[in-house]
Amino acid sequence: QKEVEQDPGPLSVPEGAIVSLNCTYSNSAFQYFMWYRQYSRKGPELLMYTYSSGNKEDGRFTAQVDKSSKYISLFIRDSQPSDSATYLCAMSAPSETGNQFYFGTGTSLTVIP
Amino acid sequence: KAGVTQTPRYLIKTRGQQVTLSCSPISGHRSVSWYQQTPGQGLQFLFEYFSETQRNKGNFPGRFSGRQFSNSRSEMNVSTLELGDSALYLCASSLVPPPATNEQFFGPGTRLTVL
């Protein structure tokens, strides 16, 4: 079983829709939870990161963490064509020399004008 | 401020050859991490360097190695290339290594194709 599971999609929604992206994980040692956005032919860029269970909002983006269920979500409100990209969840757990990062395989999102 | 740069952007090699990839972090950033990205496995952590020392290593064979120079630039080397090494290799830099920060800035990657 992979440390982090993410539905690869693809997901296609009309402009203005609310998008929900999800990841599950198995390692209860994960402490930091991140969402990255990756456009084609580019490296991932950090969208949001959270440390604890609960919600964190940044503009049209809301990250939600439920440690008891080992489940994280990213919600995108009023989705725009420019949101079309692959979204990667990532988590980190402490090791002897620092954090080690584990990524989901990414969900491909297309927002149709 | 310039972002993370990686060279070359594209590389084609044959099985058995070796390859060296280069990464220049954001100015002032001292931590560099390397990742392999493939469609089936996603991003997988290779190793992390800070102040010329490897601090963390992922679960990859010894054919994968790296180093960091005093100016924080980093190189990774893959010897005896296999077909399965075809992937996008990403470098990420951060000001200080985790757990002090979880904000990593990624470069555009080097697309390696092994024939």
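Chain naming here is simple, since letters A, B, ... match the order of the sequence lines and numbering starts at 1 in each.
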- Item | Side chain / backbone / both / neither for A:Gln38 at chain B, heavy atoms under 4.5 Å | side chain
- Atom group of B:Arg111 that falls short of 4.5 Å from chain A, counting heavy atoms: neither
- Item | Part of B:Leu43 lying under 4.5 Å from any heavy atom of chain A | both
- Message: Would you say the rings of A:Tyr71 and A:Tyr25 are close, in the sense that their centroids are separated by under 6.0 Å?
- Response: no
- Message: Counting only heavy atoms from other residues, nucleotides and ligands, does the tally under 6.0 Å from CZ of B:Arg63 exceed 12?
- Response: yes
- At a heavy-atom separation under 4.5 Å, does B:Tyr10 approach chain A through its side chain, its backbone, both, or neither? side chain
- Does the ring centre of A:Phe30 sit less than 6.0 Å away from the ring centre of A:Tyr32? no
- Is the charged tip of A:Lys70 near the ring of A:Phe33: under 6.0 Å from the six-membered ring centre and within 45° of its axis? no
- Item | Residue B:Gln37 versus chain A: region with a heavy atom under 4.5 Å | side chain
- Between B:Phe106, B:Phe105, B:Tyr35, which shows the greatest number of heavy-atom pairs under 4.5 Å with chain A? B:Phe106
- Message: Applying salt bridge (charged side-chain N to carboxylate O under 4.0 Å, His left out) as the test, list every pair that has at least one member in residues 49-59 of chain A; sequence neighbours left out.
- Response: A:Glu57-A:Arg77
